[in-house]
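The next block holds one structure in the form of structure tokens; read it before the comments.
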Amino acid sequence: MKAKPTPEVSMTPVSDHQNCEAAIIRTERGLTIAGTRITIYDIMGHLEAGWTPKLMGNWLSITDEQLDAALSYIDNHRREVEAEYQTVLKIAQEIRDYWEEKNRERFEQIAKKPPLPGQEAVRAKLKAWKIKRQFSR
């Protein structure tokens, strides 16, 4: 009885580009680092804010390999990722605007309420902080 020939198996290493592609998956949240809830859009936001890769990795609790894959994916698909990121930012702003409008009346009602006994000092500090914050924008 003759032995069956075994099929040839390629042992060539997977390219960095393929590793990058496998490390980024599309979920209901968008382009996501596999095995995490962190999106490419999170990475892009931190990059725009001037965060270093080390700071991003520590803050997001991801490995250097995961971060490298995300950054490579962004570089390799810059145009598509940037277009999606702008869409994500637009939707996020629309959601913020919706809830601000929806809650505006309620916030006005709350602001008109007199402070509870013993909370006058806290309310005064909060009011001063809000005024200061408005002028710093």
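All values below come from the heavy atoms of this structure, side chains included, with hydrogens, waters and symmetry mates left out. Quick caveat: nothing in here was measured; it's all calculated off a predicted structure.
Applying the side chain to side chain donor-acceptor pair (under 3.5 Å) test to Glu80 and every residue at least two apart in sequence or in another chain returns nothing. Residues meeting the side chain to side chain donor-acceptor pair (under 3.5 Å) test with Thr27, sequence neighbours left out: Thr32. Every residue two or more places apart in sequence or in another chain was checked for a salt bridge (Lys or Arg N to Asp or Glu O under 4.0 Å) with Arg96, and none qualifies. Contacts of Arg106 classified as side-chain contact (heavy atoms from CB on, under 4.5 Å), with partners at least two apart in sequence or in another chain: Gln109, Ile110. The salt bridge (Lys or Arg N to Asp or Glu O under 4.0 Å) check on Arg79 picks up nothing, with sequence neighbours excluded. Residues satisfying the side-chain contact (heavy atoms from CB on, under 4.5 Å) test with Lys113, not counting sequence neighbours, are none. Here Gln119 pairs with nothing under the side chain to side chain donor-acceptor pair (under 3.5 Å) rule; sequence neighbours left out. For Glu65, the side-chain contact (heavy atoms from CB on, under 4.5 Å) test picks out Thr63, with sequence neighbours left out. Every side-chain contact (heavy atoms from CB on, under 4.5 Å) that Val81 has, sequence neighbours left out, goes to Leu31, Ile40, Met44, Tyr73, Ile74, His77. Asp97 meets the side chain to side chain donor-acceptor pair (under 3.5 Å) test with Gln93; sequence neighbours excluded.
Val122 and Leu126 end up in different hydrophobic clusters when Ile, Leu, Val, Met, Phe, Trp and Tyr side chains are linked at under 4.5 Å.
Taking the six-membered ring where the residue is Trp, Trp51 and Trp59 present perpendicular rings, their angle passing 60° and hence far from 30°.
With a 4.5 Å cut-off on side-chain heavy atoms, His46 and Leu60 count as touching. When side chains are defined from C-beta on, Ile43 counts as touching Leu67, because their heavy atoms get closer than 4.5 Å.
Applying the under-4.5 Å side-chain rule to Ile, Leu, Val, Met, Phe, Trp and Tyr, the cluster around Trp99 extends to Ile91, Ile95, Tyr98.
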>> Evaluate Glu101 against Arg104 for salt bridge (charged side-chain N to carboxylate O under 4.0 Å, His left out), listing each step before the verdict.
In response: CA-CA 5 Å; Glu101 180 61 33; Arg104 183 170 289 129; 2.4 Å; yes
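Closest heavy-atom contact between Ala70 and Ile24: CA-CD1, 3.8 Å.
Residue Glu105 places its CD atom among 12 or fewer non-hydrogen atoms of other residues, nucleotides or ligands, all under 6.0 Å distant.
How far CD of Gln66 is from CG of Asp64: 9.5 Å, rounded to the nearest 0.5 Å. The CD1 atom of Ile62 sits 7.0 Å away from the OG1 atom of Thr36 when rounded to the nearest 0.5 Å.
Residue pairs satisfying the salt bridge (Lys or Arg N to Asp or Glu O under 4.0 Å) criterion with at least one member in residues 26-42, sequence neighbours excluded, are listed as follows: Arg26-Glu84.
No donor-acceptor distance shorter than 3.5 angstrom exists from the side chain of Gln134 to the backbone of Lys132, with no hydrogens or angles considered.
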